[in-house]
A.B. asks: 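Have a look at this one before I ask anything.
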Amino acid sequence: MARPIHIDSVHKEYRSAGAVHVAVDDLSLSIPEGSFTTLVGPSGCGKTTTLRMIAGLETPTEGRIAFGEQDVTDLSPQDRNCAMVFQSIALYPHMTVRQNIGYGLKVQGVPREKRNDRIEEAATVLQISEQLEKMPAELSGGQQQRVALGSAFVQDPDVLLLDEPMSDLDAQLKAELRVEVQRLHQELDATMVYVTHDQTEAMTMSDHVVLLNSGQLEQFAPPGELFDRPVSKYVSRFIGTPSTNLLPATVVERDGSYVLDGDGFEIPASADRFANRIGEPITLGIRPQYLSPDGGEHRFTVIVDVVEQLGTEFVVHGRSNDTNIDVVSSTLGHVNHGDEIVVEFDESDLFVFDDDGKTICYGDELTNHSPKQQR
Ligand code: ADP
Ligand code: MG
């Protein structure tokens, strides 16, 4: 039965050669029961360490982990009803696919008939029914990883943990396996925690995303919220491709009202949020998808460097003064290197970051005088 996972002030440090290295730094979050939650962030940010602590393969230096009401911090991995799938595919080479998938059940003493029912169910969900009597070496990498997923599935875990299970697969197989993994989630009554460094995987597959930054929690929210309501410059830059454009601006008072003074444009801003920030450098974030060559309340000029075609869309990489700017639009096919184009945007699509990279407010709150309304 799926259980929520409570991570409470968990800290993990490694000591080597006298030096202390903090891998996970005071992490607290509750992963909802039955959810598909993704831990995402750049390499080294603490994803695997967090997952291994949930599995019981590592012990937190400080803090507690609970599955529902049960504190599992000191419980061995076998006693957590938790299954884990790794990036490197771990199959027994001398066993058939059927034997590989059923091995865990066999060790537990599950009778052959029941085992076979469960194996066949897993094979159906993962679309490897035709491969059951083959040896692992006869399968493609994607099929092998499905077998590993099948071994986890048949154990009917309360908690299923996956650590970058698709990293070694090519793009096509990844796209296929993404669907398989989601099907697995629908069929299992389990809380799933999926680790990836790939924000596209995180955004497309999961219902909750945990974005880590140097061992610390940066934001924990549904994918849409990370995209539309990033709490920091870091989140806005990590989520979405190409990355959010960053435009420098300064808070200026003009005839008793406030404006965010950018390079060639001015954005009106409310006194509530900006009166105590006069003269402060800030950064405006705007997603490449919200810059457009035709239509918007504000505009600035971009010198084009490179144009890429992505299906029906064009990605224009250019510069505005010394700032790199990316624009995604379906109507920029005629543009070439060296061209000067005017791009427009609406202020409601902006993110406003302070000098430390924290979000001050979102564009739709800029002139809204009740700060509590949206956040
Ligand atoms: P991720 O999975 O996000 O790439 P990890 O959780 O593997 O990151 O690692 C987080 C940090 O902890 C990294 O800086 C890594 O070098 C360090 N680390 C992980 N495992 C160990 C270990 N066994 N000994 C020492 N340092 C480790
Ligand atoms: Mg890792």
Side-chain angles (χ1 to χ4, degrees), residues 5-29 31 35-65 72-74 76-77 80 82-90 141 144-145 148-149 152 159-170 173-174 177-178 181 191-206 208-221 223 226 230-241 243:
I5 303 167
H6 305 293
I7 299 174
D8 182 16
S9 310
V10 163
H11 191 82
K12 177 70 181 178
E13 54 190 44
Y14 294 105
R15 283 161 197 277
S16 58
V20 176
H21 183 87
V22 177
V24 175
D25 190 3
D26 194 21
L27 183 67
S28 290
L29 63 112
I31 297 174
S35 70
F36 190 138
T37 297
T38 301
L39 303 183
V40 69
S43 178
C45 72
K47 305 180 296 292
T48 294
T49 304
T50 304
L51 204 68
R52 289 174 61 84
M53 288 191 289
I54 297 172
L57 299 169
E58 296 282 352
T59 311
T61 313
E62 282 170 48
R64 311 300 299 173
I65 296 176
V72 299
T73 318
D74 302 313
S76 73
R80 298 188 182 205
C82 181
M84 190 156 169
V85 178
F86 302 90
Q87 174 181 348
S88 55
I89 303 162
Q144 289 184 19
Q145 197 55 298
L149 291 169
V159 171
L160 178 55
L161 308 172
L162 303 113
D163 191 359
E164 312 228 18
M166 303 181 196
S167 294
D168 293 341
L169 305 179
D170 64 37
L173 288 175
K174 254 186 208 172
L177 207 61
R178 271 217 297 259
V181 168
T191 305
M192 241 160 102
V193 187
Y194 185 95
V195 160
T196 178
H197 62 273
D198 179 345
Q199 63 88 28
T200 310
E201 276 180 20
M203 295 298 279
T204 51
M205 296 173 69
S206 39
H208 288 76
V209 177
V210 179
L211 177 50
L212 297 175
N213 179 7
S214 308
Q216 296 184 342
L217 177 65
E218 189 76 20
Q219 188 166 4
F220 174 41
L226 265 85
V231 300
S232 63
K233 195 194 283 184
Y234 178 90
V235 177
S236 90
R237 292 279 292 172
F238 193 84
I239 301 293
T241 62
S243 278

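In each ligand, atom 1 is the first atom listed, and ligand 1 is the first ligand listed.
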A.B. asks: Non-hydrogen atoms of G46 versus ligand 1: any pair closer than 4.0 Å?
C.D. replies: yes
A.B. asks: Which residue and non-hydrogen atom of the protein lie closest to atom 14 (O) of ligand 1, and at what distance in Å?
C.D. replies: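 Result for atom 14 (O) of ligand 1: H21 NE2, 2.9 Å.
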A.B. asks: Is the shortest heavy-atom distance from the side chain of E201 to the side chain of Y194 under 4.5 Å?
C.D. replies: yes
A.B. asks: Between T49 and E58, does any side-chain donor sit less than 3.5 Å from a side-chain acceptor?
C.D. replies: no
A.B. asks: Would you say the side-chain atoms of Q219 pair up with the backbone N or O of V231, donor to acceptor, closer than 3.5 Å?
C.D. replies: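 At least one qualifying donor-acceptor pair exists.
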A.B. asks: Which residue and atom name correspond to the protein heavy atom nearest atom 5 (P) of ligand 1, and how close is it?
C.D. replies: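 In this structure, atom 5 (P) of ligand 1 has T49 OG1, 3.6 Å as its nearest protein heavy atom.
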A.B. asks: My question is simple, although I want it checked carefully: is atom 16 (O) of ligand 1 less than 4.0 angstrom from any protein heavy atom?
C.D. replies: no
A.B. asks: Any N/O/S atom of T48 sitting less than 2.8 Å from the Mg ion (ligand 2), backbone or side chain?
C.D. replies: yes
A.B. asks: Do V181 and M192 pass the side-chain contact (heavy atoms from CB on, under 4.5 Å) test, and can you show the C-alpha distance, the side-chain angles, and the key distance before you say yes or no?
C.D. replies: CA-CA 10 Å; V181 168; M192 241 160 102; 3.5 Å; yes
A.B. asks: Nearest protein heavy-atom contact for atom 7 (O) of ligand 1: which residue, which atom, what distance?
C.D. replies: T48 CB, 3.6 Å
A.B. asks: Go through ligand 1 atom by atom and flag the ones less than 4.0 Å from a non-hydrogen atom of A23.
C.D. replies: 10 (C), 11 (C), 12 (O)
A.B. asks: Assess the residue pair C45 and H197 against the criterion (side-chain contact (heavy atoms from CB on, under 4.5 Å)); give the C-alpha distance rounded to whole Å, side-chain angles, the decisive distance to 0.1 Å, and a yes or no.
C.D. replies: CA-CA 9 Å; C45 72; H197 62 273; over 6 Å; no
A.B. asks: Check step by step if side-chain contact (heavy atoms from CB on, under 4.5 Å) holds for L217 and V210.
C.D. replies: CA-CA 7 Å; L217 177 65; V210 179; 3.5 Å; yes
A.B. asks: Provide, to 0.1 Å, the distance between atom 23 (N) of ligand 1 and the closest protein heavy atom, together with that atom's residue and name.
C.D. replies: Y14 CE2, 3.5 Å
A.B. asks: What is the nearest protein non-hydrogen atom to atom 10 (C) of ligand 1, stated with its residue, atom name and distance?
C.D. replies: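 Closest protein heavy atom to atom 10 (C) of ligand 1: G44 O, 3.4 Å.
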A.B. asks: Judged by atom type as modelled, is there a donor-acceptor pair below 3.5 Å linking the side chain of K47 to the main-chain atoms of G41?
C.D. replies: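 It does hold such a pair.
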